[in-house]
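Numbers restart at 1 for each chain; the letters A, B, ... are given by sequence-line order, proteins then strands.
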There are 2 protein chains.
Amino acid sequence: MNAEFINPFVAALLNVMQTMAQTELKPGKPQKKADDKAGGDVSGLIGMVGENVQGSLSISFEKGLVLEIMHKMLGEKPDSINSEVNDMVGEITNMICGGAKNELDQKGISFGMATPMVVSGENHTIDHQVDGKKMIMPFSHESGKVYLEMCFNK
Amino acid sequence: MNAEFINPFVAALLNVMQTMAQTELKPGKPQKKADDKAGGDVSGLIGMVGENVQGSLSISFEKGLVLEIMHKMLGEKPDSINSEVNDMVGEITNMICGGAKNELDQKGISFGMATPMVVSGENHTIDHQVDGKKMIMPFSHESGKVYLEMCFNK
């Protein structure tokens with residue numbers, strides 16, 4: 001997995017957060033080995049299937065940040081992660097993966113997207129089960145962190 | 001989503017548990033509406049992508065049951081859900097989805113499987129984000145419960 005592959009996902013995340021939630025995230029350092037697991041409070045997950053490649057993507061939000069995004073996007077700020085927050089995280093996950101997919105399609109890298117799943121629960125961790133390389137990248141905001149994690153078996 | 005679609009997944013789950021872990025599960029009643037969310041301690045999740053269909057599958061284990069399965073399959077029984085347990089849950093998820101895929105292939109229903117993800121964290125919940133019908137089915141064992149949940153957008 002190289003920068004050509006990773007960058008469209010990073011760009012899509014930053015773009016979705018800017019345009020949909022007026023939220024500027026500060027990208028941290030990508031890590032190839034996922035010793036440092038995402039420990040968010042709510043995560044969007046999506047599977048990807050191409051002709052010769054399979055993979056998975058997760059976007060894991062800390063509570064403070066996801067509630068701030070909810071406020072920016074929908075004008076309401078619930079006290080806790082409820083089903084509306086879950087739905088928003090599912091939408092965001094779809095938009096980020098779809099944005100990256102469009103850019104990669106133009107480079108001849110094609111895959112289909114599964115339907116997203118959203119996991120809630122304080123400090124849950126996500127283990128991407130793949131033999132290939134995993135990439136985890138933290139992004140910071142004053143309200144909290146978000147972790148983009150992805151892997152492909154090629 | 002009809003029985004023709006669901007049964008291969010149920011059969012694969014029961015079969016994998018019987019043959020790999022000598023564990024007989026008692027099937028509960030399938031629910032079409034997922035008001036009753038899976039609240040397991042460790043879950044395997046996988047995305048599925050066909051030409052005209054997308055979906056997602058989760059298998060959520062309570063801690064007591066997954067540690068018992070670990071003992072049966074690998075001869076060791078850790079005190080808590082560790083990375084070996086996660087790997088086993090990923091394998092089981094792959095086997096169940098793969099078994100169902102083979103059976104459905106023969107009926108002319110084809111899809112590709114993404115790589116599995118494993119989520120750990122006590123009492124986490126999983127929200128499958130799809131407009132189509134969702135199916136959740138509990139299975140019981142003296143050590144604990146497991147919830148099979150799946151949905152497709154068709």
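- When the shell of 6.0 Å around NZ of B:Lys29 is examined, it contains 12 or fewer heavy atoms from other residues, nucleotides or ligands.
- Put simply, B:Ile69 and B:Leu25 are part of the same group of oily side chains (I, L, V, M, F, W, Y) that touch within less than 4.5 Å, one to the next.
- Note on B:Leu13 and B:Met20: same hydrophobic cluster, where clusters join Ile, Leu, Val, Met, Phe, Trp and Tyr whose side-chain heavy atoms are under 4.5 Å apart, directly or indirectly.
- A 4.5 Å side-chain heavy-atom check between B:Asp127 and A:Val89 finds every atom pair outside the cut-off.
- Around atom CD of A:Glu51, no more than 12 heavy atoms belonging to other residues, nucleotides or ligands sit under 6.0 Å away.
- In the hydrophobic cluster analysis, where Ile, Leu, Val, Met, Phe, Trp and Tyr join through side-chain heavy atoms closer than 4.5 angstrom, B:Leu67 is grouped together with B:Val16.
- Closest non-hydrogen pair, A:Ala114 versus B:Gly55, comes out as CB-O, 3.5 Å.
- Neither the backbone nor the side chain of A:Asn94 comes within contact range of chain B, judged by heavy atoms closer than 4.5 Å.
- When every heavy atom of A:Gln54 is checked against every heavy atom of B:Thr115, the shortest pair comes out as CB-CG2, 3.9 Å.
- Both B:Met137 and B:Ile46 belong to a common hydrophobic cluster when Ile, Leu, Val, Met, Phe, Trp and Tyr are linked at side-chain heavy-atom distances under 4.5 angstrom.
- Annotation for B:Lys26: atom NZ does not count as buried by contact number, only 12 or fewer foreign heavy atoms lying within 6.0 Å.
- No side-chain heavy atom of B:Val49 sits less than 4.5 Å from a side-chain heavy atom of A:Met48.
- Separating the CD atom in B:Gln129 from the CG atom in A:Leu45 is a distance of 11.0 Å, to the nearest 0.5 Å.
- Residues B:Met117 and A:Leu57 approach most closely at SD-O, 4.0 Å, considering heavy atoms.
- Among the candidates A:Val119, A:Val42, A:Val118, the residue making the largest number of heavy-atom pairs closer than 4.5 Å to chain B is A:Val118.
- Looking at A:Ile81, there are no atoms closer than 4.5 Å to chain B (heavy atoms on both sides), in backbone or side chain.
- Under a cut-off of 6.0 angstrom, the local environment of NZ in B:Lys145 is sparse, with at most 12 non-hydrogen atoms contributed by other residues, nucleotides or ligands.
- Heavy atoms of B:Asp87 lying under 4.5 Å from chain A belong to its backbone as well as its side chain.
- The greatest number of non-hydrogen atom pairs below 4.5 Å with chain B, out of A:Gly112, A:Gly121, A:Pro116, is found for A:Pro116.
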